[in-house]
Structure formats: C-alpha cells, structure tokens
Amino acid sequence: MTIFTKIINREIPAQIVYEDDRALAFRDVNPQAPVHILLIPKKEIPTLNDLEQADTSLMGHLMTLVPKIAADAGIAEKGYRTVINTNAHAGQTVSHVHIHIIGGRALSWPPG
Ligand code: 5GP
C-alpha cells in the first residue's frame with residue numbers, strides 16, 4: 001500500500017478537489033507550479049507498465065476527468081501539462097499510477 005491509498009482511505013489528509021467511485025484528485029504536497037494536482041485511480045496500479053486490458057475504461061475515465069479538473073482549477077483555457085512518470089528514469093516516487101496536472105504559469109519544454 002502506498003501513501004496514495006492512505007489518502008484514498010482518509011488515513012492521511014490531502015486537499016481533495018475531485019472524487020468519484022473510481023478516481024480521486026488532490027493537490028500535490030510539493031507543487032511545481034501554482035496549480036499542481038494529482039489524479040489517481042482508486043485501483044492500486046503501480047505503474048503504466050502494469051496496465052491490463054481490463055483497465056481501458058478506468059484509464060479512459062481518468063483522461064476525460066483531466067479537462068474537468070483543469071477547468072475547475074481555472075487553468076483549462078491558458079493551458080496546462082499532464083505528466084505520468086514511470087519508474088526510475090522518469091523519477092516516479094510513488095508506486096500508484098498518477099496523472100500530474102500542472103498549470104498556472106508558462107511551462108518550459110522539453111523537460112529535464
Ligand atoms: P512522481 O514523482 O511519483 O511522479 O510524483 C509523486 C508526487 O506525489 C510528487 O509530486 C509528490 O510531491 C507527491 N506526494 C508525495 N507524497 C505526497 C503526500 O503525502 N500528499 C500529497 N498531496 N502529495 C504527495
């Protein structure tokens with residue numbers, strides 16, 4: 001179990017911005033921009049590498065939530081970045097799939 005499951009279970013606090021039966025979104029504790037939200041499936045999937053065909057609907061659901069959460073956070077129109085880090089080379093630190101939704105300022109590209 002990761003820290004994100006503890007957030008899902010309300011065992012540790014988080015600033016939750018969206019929740020339904022399959023997904024949870026909350027503010028990143030160490031924001032890299034004025035808006036930095038993590039959107040996660042409630043299902044414990046460690047990395048993108050662990051996705052199965054049965055997760056197609058769940059992951060599609062998460063992607064359709066992204067613009068809604070971005071709009072609610074006020075960053076949809078000006079723009080934002082979505083990032084999913086996978087394993088060591090990408091710097092994944094929590095082994096529970098999460099979509100970073102980052103915005104509120106201009107972001108440079110490419111990433112480091
Ligand atoms: P990763 O590096 O795995 O792609 O992203 C993990 C993210 O989770 C980091 O941006 C980190 O700041 C965030 N994070 C780690 N622990 C907590 C926590 O306890 N609460 C919240 N809200 N975010 C966390």
Side-chain angles (χ1 to χ4, degrees):
M1 180 194 292
T2 74
I3 199 143
F4 289 173
T5 297
K6 291 182 179 170
I7 289 173
I8 293 167
N9 293 337
R10 306 301 202 272
E11 291 166 23
I12 66 165
Q15 280 185 264
I16 292 168
V17 297
Y18 177 85
E19 181 169 27
D20 64 29
D21 58 329
R22 290 186 288 172
L24 185 73
F26 50 93
R27 302 262 173 189
D28 195 295
V29 77
N30 182 25
Q32 300 303 309
V35 175
H36 189 166
I37 292 166
L38 302 174
L39 171 60
I40 67 172
K42 288 188 171 175
K43 181 179 176 185
E44 290 180 311
I45 304 169
T47 79
L48 282 188
N49 293 340
D50 301 298
L51 287 180
E52 299 168 349
Q53 199 62 36
D55 299 317
T56 300
S57 167
L58 173 62
M59 296 309 290
H61 177 59
L62 290 185
M63 289 311 296
T64 59
L65 286 174
V66 167
K68 172 181 166 39
I69 290 166
D72 289 349
I75 58 172
E77 197 170 321
K78 282 198 168 174
Y80 55 91
R81 183 165 297 156
T82 45
V83 173
I84 304 176
N85 293 319
T86 299
N87 285 341
H89 272 190
Q92 183 178 4
T93 59
V94 179
S95 293
H96 184 131
V97 165
H98 47 285
I99 303 173
H100 295 260
I101 303 170
I102 303 166
R105 65 171 171 84
L107 302 165
S108 60
W109 187 264

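Just so you know, residue 1 is the first one in the sequence shown, and it goes up from there. On a predicted model such as this, the values are computed, not experimentally measured, just so you know.
To the nearest 0.5 Å, atoms NE2 (His98) and CG (Asn85) are separated by 6.0 Å. Distance check, rounded to the nearest 0.5 Å: CD1 of Ile102 to CG of Asp28 gives 8.0 Å. Put simply, CD1 on Ile3 and OG1 on Thr93 are 10.0 Å apart, with the number rounded to the nearest 0.5 Å. Atom CG of Asn87 sits about 7.5 Å away from atom OG of Ser95, to the nearest 0.5 Å. Atoms CE and CD, from Met59 and Glu52 in turn, are 12.5 Å apart once rounded to the nearest 0.5 Å. Distance check, rounded to the nearest 0.5 Å: CZ of Arg27 to CD1 of Ile101 gives 10.0 Å.
Across all non-hydrogen atoms, the minimal contact from Arg81 to Ser108 is NH1-O, 2.8 Å. The shortest non-hydrogen separation linking Gly103 to Ala33 is O-CB, 3.4 Å. In this structure, Lys42 and Asp20 approach most closely via the heavy-atom pair NZ-O, 2.8 Å. Heavy atoms only, all atoms of each residue included: Pro46 and Gln92 are closest at O-NE2, 3.0 Å.
Between Leu38 and Val94, every side-chain heavy-atom pair lies at or beyond the 4.5 Å cut-off. Met63 places a side-chain heavy atom less than 4.5 Å from the side chain of Ile99. Proximity of Met1 to His96: side-chain heavy atoms (C-beta onward) are nowhere separated by under 4.5 Å. Within the 4.5 Å cutoff, the side chain of Gln32 has heavy atoms near those of the Asn30 side chain.
Counted within 6.0 Å of CD on Glu19, heavy atoms from surrounding residues, nucleotides or ligands total more than 12; the atom is thus considered enclosed. Heavy atoms of other residues, nucleotides or ligands lying less than 6.0 angstrom from NZ of Lys6 number 12 at most.
The same ILVMFWY cluster, assembled from side-chain heavy atoms under 4.5 Å apart, contains both Ile8 and Ile12. Following chains of ILVMFWY side-chain contacts shorter than 4.5 Å, one cannot reach Ile40 starting from Val66, and the two form parts of different hydrophobic clusters. Criterion: ILVMFWY side-chain heavy atoms under 4.5 Å apart, direct or through other members. Under it, Leu62 and Tyr18 are part of a common hydrophobic cluster. Side-chain heavy atoms closer than 4.5 Å link hydrophobic residues (I, L, V, M, F, W, Y) into clusters, and following such links, possibly through other members, connects Leu39 to Val97.
Under the side chain to side chain donor-acceptor pair (under 3.5 Å) criterion, Thr5 pairs with Glu44, not counting sequence neighbours.
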Next on the checklist: Working note: Arg10 + Ile16, criterion side-chain contact (heavy atoms from CB on, under 4.5 Å); need CA distance, chi angles, decisive distance, verdict.
Outcome noted: CA-CA 10 Å; Arg10 306 301 202 272; Ile16 292 168; 3.5 Å; yes
Next on the checklist: Quick one, Phe26 with Ile7, criterion side-chain contact (heavy atoms from CB on, under 4.5 Å). Give me CA distance, side-chain angles, the key distance, then yes/no.
Outcome noted: CA-CA 9 Å; Phe26 50 93; Ile7 289 173; 3.8 Å; yes
Item to check | CA sep, side-chain torsions, deciding dist, call: Leu65, Arg22, side-chain contact (heavy atoms from CB on, under 4.5 Å) | outcome: CA-CA 11 Å; Leu65 286 174; Arg22 290 186 288 172; over 6 Å; no
Next on the checklist: Could you go through Phe4 and Leu24, starting from their C-alpha distance and side-chain angles, then the distance that decides it, and tell me whether this counts as side-chain contact (heavy atoms from CB on, under 4.5 Å)?
Outcome noted: CA-CA 10 Å; Phe4 289 173; Leu24 185 73; over 6 Å; no
Ignoring hydrogens and angles, write down the donor-acceptor pairs under 3.5 Å from the side chains of residues 68-79, residues two or more places apart or on other chains.
residue : atom : partner : partner atom : Å
Lys68   : NZ   : Asp72   : OD2          : 3.4

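Relative orientation of the His100 and His36 rings is tilted, given thresholds of 30° and 60° on the angle between their planes.
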